[in-house]
Amino acid sequence: MPQSRLHPSPSSELPVSELPIVSGTDCYEQTGQTGLWVEVLVDCPGVQGVFTYGLPVGLMVQPGDILSVPFGAQQIGGVVVRCLTALPDGTNLAQLREIDGVIARGFFPPAYWEILLRVAEYYCTPLMQVIRMALPTGLLGRSQRRIKLSQEQGTGNREQGTGGREQGTGNREQKPPLDGMPCTISTVAQQILTLLQSSKTGDYSWQYLQRQVPNAYRGLQELLKLGWVESYLQPPTPIRPKQRQAVTLINQADVALLSPRQQEVLRVLQRQGGELWLTDLLALCQTSSTTLKAIAQKGYLIIQPREVLRSESSETTVTDTPKALTKDQAIALAAIQPLAGYTSVLLHGVTGSGKTEVYLQAIAPLLDEGKSAIVLVPEIGLTPQLTDRFRARFGDRVCVYHSALSDGERYDTWRQLLTGTAQVVIGTRSAIFAPLANLGLIILDEEHDSSFKQDQPSPCYHARTVAQWRAELEQCPLILGSATPSLETWVAHQEVSNQGMANDEYRMANQGMANKRMANQEPFAISPTETLREQNSEFGIRNSPVYLSLPARVQARPMPAIEVVDMRQELGRGNRSIFSQSLQAALNHLHESGEQGILFIQRRGHSTFVSCRSCGYVVMCPHCDVSLAYHQIHAEARPVLRCHYCNYTQAHPEVCPECQSSYFKHFGSGTQRVTQALEQEFPTLRVLRFDSDTTRTKGAHRSLLTRFAQGDADLLVGTQMLTKGIDLPQVTLVGIVAADGLLHLSDYRASERTFQVLTQVAGRCGRGDRPGRVILQTYSPDHPVIAAVQQQQQYEPFVQTELEQRKLLNYPPYGRLILLKFSGLSPGVVQTTAAQVAAALQPLQEQGVERLGPAAAAIERVARRYRWQILLKVPATVAISASFLSSLRDLCPSSVSFAIDIDPLNIG
DNA sequence: AGCACGCCGACT
DNA sequence: GTCGGCGTGCTC
């Protein structure tokens with residue numbers, strides 16, 4: 001029991017010695033050849049290409065090792081690309097410098113390195129940026145400029161070296177200019193000084209000061225000249241495992257020689273199992289560490305630092321055992337289990353058909369074989385249920401890996417993945433880069449979900465695409481699970497006729513890459529990669545895609561009946577409520593019957609703008625071209641207006657700022673508005689709101705869902721979040737307040753997305769013993785998507801119609817899209833840059849690429865930056881060189897930021 | 001990113 | 001005539 005409170009000792013579960021982490025000095029212990037050079041890819045924005053460094057005597061490194069190197073005045077992170085035994089001609093020996101140290105070794109096994117190369121190339125992103133994204137934050141350290149108050153100011157610089165006790169605080173008061181002092185300092189300088197004096201250490205990072213004080217640069221110059229502050233570079237401190245002092249009992253003989261107090265300590269330690277954290281033992285014995293050190297000195301116990309994992313521990317103590325499978329599940333599992341080599345599997349299972357159980361049972365035997373698995377989910381916070389279930393089934397072998405982990409947690413989890421033990425990683429899209437060895441299976445759950453695509457910082461990768469590459473390189477199956485597969489996936493897993501196309505397209509993309517890489521043997525000349533490609537030029541076994549279907553729910557539960565309500569008729573009948581009569585009746589019944597319901601609202605803000613009914617004035621964000629959304633944070637608090645793009649917030653004006661009219665209200669039906677309407681019309685109904693306002697904090701999803709599951713409320717009101725994998729058996733009613741907002745998005749994927757969202761929401765009900773019912777309110781009941789959702793078994797006809805449209809217009813999956821995005825503070829400069837780039841695209845257009853734009857983005861200004869874009873439609877037969885696209889960057893002035901989004905999902 | 005070199009406006 | 005602004009270019 002006390003032992004369980006300690007982390008398993010390094011020798012048992014976390015073999016530190018085998019981990020590729022070495023400290024700056026440890027690495028010198030490895031002896032070998034001397035006097036070589038290394039080419040290093042440095043982690044410095046605006047710098048690409050490799051730099052050559054000298055290797056300190058006795059130090060050996062290999063391609064893929066992560067280093068700390070001097071670069072200009074600072075120390076930065078870098079990755080070894082190649083080891084050189086001779087310097088190329090013309091190298092200026094004078095400028096060669098030696099590396100500072102090794103941060104980590106062996107992070108990049110060949111297949112993993114290959115993935116990073118492919119991502120860099122396919123998504124037109126500098127390799128270093130891809131590496132930075134894949135590594136835990138902070139691993140690639142860099143030195144930091146810091147500013148501190150000078151010690152010697154005023155009283156002379158005598159006391160510097162003596163190091164004795166200092167009366168620092170007494171001196172510090174003399175630093176600000178006293179009244180009688182001849183020199184006056186500017187307000188900026190005074191601000192900086194005050195800030196520094198307010199801190200305990202008198203020391204802040206330059207970055208922090210710049211953020212706190214506008215125009216900090218001026219003030220700093222002043223203070224530096226006066227000698228009141230000093231500026232210095234702090235060398236990087238790489239993230240390290242967290243250490244804690246542990247005390248272990250090693251000898252109990254001759255205890256009588258010790259003092260009674262010391263004997264007592266030993267007895268306590270023994271009673272606790274012979275091992276305790278130092279702090280715990282001190283607390284338990286009411287003693288000091290001096291006492292313990294004395295005992296240790298006599299050889300009775302040892303005190304040593306031991307690694308602790310910062311990763312969140314699994315709270316679930318429940319265990320879960322495999323469930324009996326339905327016939328369909330069994331067929332699917334039987335098809336998956338014998339797969340060897342790379343095979344892409346589409347598991348098309350209706351909502352509630354038990355896909356998770358298939359995943360679990362597919363993974364179980366792999367773990368026993370010592371293999372690992374990656375499970376990707378759209379958003380980890382939204383699916384505590386899934387994580388719990390995996391934990392309950394596989395216990396400690398489950399790791400959760402996502403971007404919301406703290407740096408320390410992420411680092412520790414990352415290290416644990418490297419140990420090579422069989423484990424299951426559950427995570428969001430970035431978990432596709434989990435450095436697991438010996439992968440046996442990759443699963444993408446809710447494969448159609450757009451959150452698998454990254455669209456903000458480059459690389460704008462799609463986890464599904466990366467998963468395909470990874471599964472192929474690791475020669476393992478890939479399962480794409482969904483009730484509403486994306487059209488891309490659907491087409492790729494259809495019978496031979498379509499399959500040919502998907503494969504050709506895919507191969508083409510890869511071949512273009514490989515060829516190009518041969519031609520310019522850039523940093524890519526890392527040796528493991530080349531070896532791999534030679535051995536495996538066709539990337540090993542590539543089986544035909546497999547389509548598996550789970551057409552029915554578990555335990556023969558029926559799919560919910562979907563009732564479409566025409567809201568125009570409701571209005572005609574004089575019903576001005578946002579709830580149709582049908583929905584009103586259902587809500588009333590809900591309360592009486594003790595069943596639960598979900599009310600789905602389109603989006604959290606979009607429709608709740610604030611405007612004046614007298615003059616029509618709408619409050620807009622001063623930094624973005626969008627209206628501000630109405631938010632009431634607490635029932636009592638004053639409402640605020642908030643921009644959903646830049647988070648600008650202001651108080652809600654009492655009267656219209658334009659015409660002073662007091663008829664100044666918010667409109668639309670956001671979650672808050674609907675909740676209020678519910679309170680008015682159904683005062684007895686207990687409502688729980690589930691949107692990003694109420695679930696902002698860590699663990700809020702889980703607690704809200706738990707409360708709902710416990711029956712604390714009758715109705716859960718929420719947005720898109722409700723569509724993602726929530727499994728609540730008591731829910732028998734789903735209400736969709738207005739499907740229309742989704743239908744009319746000006747996006748080629750609008751229909752597909754609407755179909756997916758509505759089907760997923762509808763699928764939240766009837767998962768328990770009682771059948772479910774869906775009420776879908778709309779102003780366009782005849783829309784084909786609504787019809788398709790209503791007959792949800794008929795996925796195929798809907799897809800066929802949609803595919804014809806896509807083919808006609810060369811949209812994915814028939815043609816590829818590339819979005820070039822420009823943004824900058826000056827609208828004119830952004831626009832002319834876009835135009836110049838457009839002109840440079842002429843050669844592509846001659847190859848048959850269609851160019852749309854340049855055009856201002858749908859929301860032209862976000863956070864004071866103007867945004868323009870160019871959309872390229874690339875026919876499946878045309879290959880585009882990544883280096884050509886990357887070269888467009890050179891046409892952009894530094895004031896315009898340029899981003900390339902390959903296969904964009906959001907093109908508005 | 002940081003820092004150096006380097007070219008044009010307000011001061012002794 | 002200098003000091004000092006911050007605009008371009010380099011960092012092995």
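Below, chain A is the first sequence line, B the second, and so on; all start at residue 1.
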Plane angle bin for F898(A) and F822(A) - parallel if under 30°, tilted between 30 and 60°, otherwise perpendicular: tilted
Sugar-phosphate only, base, or nothing, as touched by I76(A) at under 4.0 Å among non-hydrogen atoms: nothing
Protein and nucleotides 4-8 of chain B: nitrogen or oxygen contacts under 3.5 angstrom:
none

Main-chain N/O of Q75(A) paired with S143(A) side-chain donor or acceptor, under 3.5 Å: yes
Atom CD of Q234(A): over 12 foreign heavy atoms under 6.0 Å: yes
Plane angle bin for Y401(A) and W414(A) - parallel if under 30°, tilted between 30 and 60°, otherwise perpendicular: tilted
For atom CE of M128(A) and atom P of dA1(B), their distance in whole Å: 15 Å
Face-on cation placement of K453(A) at Y461(A) ring, 6.0 Å and 45° thresholds: no
Euclidean distance, S231(A) OG relative to I147(A) CD1, rounded to 0.5 Å: 4.0 Å
More than 12 heavy atoms from other groups under 6.0 Å of CD on Q842(A): yes
Nearest-Å distance for atom pair CH2/P, residues W206(A) and dG2(B): 10 Å
Atom-pair distance (CD on Q234(A); P on dG2(B)), nearest Å: 12 Å
Sugar-phosphate or base contact per nucleotide [nucleotides 3-12 of chain C; S, B, -; heavy atom under 4.0 Å]: -S-S----BB
Under 3.5 Å donor-acceptor, Y866(A) side chain and Q831(A) backbone: no
Separation of dA1(B) C1' from D43(A) CG (nearest whole Å): 10 Å
